[in-house]
Amino acid sequence: SNGKVTGRLLTMRDVTEEQLLAKYRDEISNMVVHDLRGPLGSIISSLILMREIAMELGDETLPTLMEVSINSAEILLDLVETLLDIAKLETRQMPLAPAVSPIIKTIDKALMALDTSIKDADITVDTKIPGNLPQVSMDSDKIRRVIINLLDNAIRFTPSGGQVLISGKNGTNEIIMSISDSGPGIPTDAVE
């Protein structure tokens, strides 16, 4: 009353248990993600071996089916790797393993990983990469995953019969890459 403070209320809450639970959750998540890598790697290796055996035996159908399984398992492994990368980013520890390699090899690996999705979407994916592009110092695995994410979005939002174009060109001390599609684009109200 009369604009004067007549009392104060202080509330205190012990968050120790919440912090311990959050730490425990993060440790369990990291453990599960690490534990998934081993079996997925074994599955991929076994599928590759089975595909090679089927090809040696002259089977034409089985290697194609094996290729689909290998691609699917590699996509799962990429998801697991992404979860590990998120955990590393949260602790601000994202090590890169740069090596000199041609960008076209990385693009080809990304396209192989999405081959089934491209066929199911009934679209064409073209590449317009000049043969004279220099090799690039990059972490090929992480760049491949970036390309897969961009292509996956383009594939999902391109209507049947549409086209996705991966292009590249020389810049000044850089290679400029772009992925474009014939989809509807981002709605104007969703652009920030």
Side-chain angles (χ1 to χ4, degrees), residues 33-86 96-169 175-186:
V33 169
H34 276 285
D35 288 349
L36 283 172
R37 286 170 79 185
L40 277 171
S42 297
I43 289 169
I44 291 168
S45 297
S46 299
L47 288 170
I48 290 170
L49 182 62
M50 289 170 57
R51 180 188 61 193
E52 289 172 4
I53 291 169
M55 288 169 68
E56 286 175 10
L57 295 174
D59 190 324
E60 294 181 16
T61 307
L62 196 55
T64 305
L65 295 173
M66 301 303 284
E67 192 64 39
V68 171
S69 299
I70 291 167
N71 286 342
S72 298
E74 286 175 343
I75 289 169
L76 277 176
L77 187 59
D78 280 345
L79 290 173
V80 169
E81 295 291 342
T82 299
L83 290 172
L84 284 173
D85 285 348
I86 289 170
L96 297 175
V100 176
S101 98
I103 190 70
I104 192 68
K105 282 177 69 175
T106 306
I107 292 169
D108 288 343
K109 286 181 180 178
L111 285 170
M112 281 177 27
L114 294 171
D115 187 54
T116 305
S117 299
I118 293 167
K119 288 176 183 167
D120 289 347
D122 187 33
I123 61 171
T124 58
V125 177
D126 294 318
T127 55
K128 188 178 172 185
I129 310 288
N132 64 347
L133 283 182
Q135 295 195 50
V136 184
S137 177
M138 63 179 167
D139 186 325
S140 293
D141 184 54
K142 289 186 178 61
I143 296 297
R144 179 183 55 82
R145 286 166 46 206
V146 168
I147 294 169
I148 286 174
N149 285 336
L150 292 171
L151 281 173
D152 186 51
N153 282 340
I155 291 165
R156 260 189 276 151
F157 295 105
T158 300
S160 178
Q163 180 188 26
V164 174
L165 176 65
I166 305 167
S167 58
K169 64 180 181 179
I175 291 178
I176 302 167
M177 301 295 304
S178 69
I179 297 175
S180 55
D181 62 70
S182 59
I186 301 171

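Heads up: numbering here begins at 1 and tracks the sequence.
Within 6.0 Å of CE in M138 there are more than 12 heavy atoms belonging to other residues, nucleotides or ligands.
Among all heavy-atom pairs drawn from G162 and S182, the shortest one is CA-OG, 3.3 Å. The heavy-atom pair separating L96 from K142 by the smallest distance is CD2-CD, 3.6 Å. Closest of all the heavy-atom pairs between I123 and P159 is CG2-O, 3.5 Å. Taking every heavy atom of both residues into account, S140 and T106 meet most closely at O-CG2, 3.6 Å. Heavy atoms only, all atoms of each residue included: A97 and D139 are closest at N-OD2, 2.8 Å. Listed here is the closest heavy atom pair of I155 and S117: CG2-O, 3.9 Å.
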TODO: Would you check, one step at a time, whether the test side-chain contact (heavy atoms from CB on, under 4.5 Å) holds for L111 with I166?
DONE: CA-CA 10 Å; L111 285 170; I166 305 167; 3.9 Å; yes
Open item on the list: Walk me through whether M177 and I107 qualify under side-chain contact (heavy atoms from CB on, under 4.5 Å).
Closed with: CA-CA 10 Å; M177 301 295 304; I107 292 169; 3.3 Å; yes
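Between I129 atom CD1 and K169 atom NZ the span is 12.0 Å, to the nearest 0.5 Å. From I44, atom CD1 reaches atom CD1 of I70 across 8.5 Å, with rounding to the nearest 0.5 Å. A distance of 9.5 Å separates OG1 of T124 from CG of L165, quoted to the nearest 0.5 Å. Atom CG in D152 sits 13.5 Å away from atom CD1 in I147 (nearest 0.5 Å). For the atom pair CD of Q135 and CD1 of I175, the computed distance is 9.5 Å after rounding to the nearest 0.5 Å. Atom CG in L133 sits 10.5 Å away from atom CD1 in I176 (nearest 0.5 Å).
Residue pairs that meet the salt bridge (charged side-chain N to carboxylate O under 4.0 Å, His left out) test with at least one member in residues 100-114, sequence neighbours left out, do not exist here.
Not counting sequence neighbours, D181 has no partner by the side chain to side chain donor-acceptor pair (under 3.5 Å) test. For the side chain to side chain contact (heavy atoms under 4.5 Å, CB included) test, residues two or more places apart in sequence or in another chain that qualify with L150 are V146, I179.
The one candidate from E52, M55, M50 that meets the side-chain contact (heavy atoms from CB on, under 4.5 Å) condition with P63 is M55.
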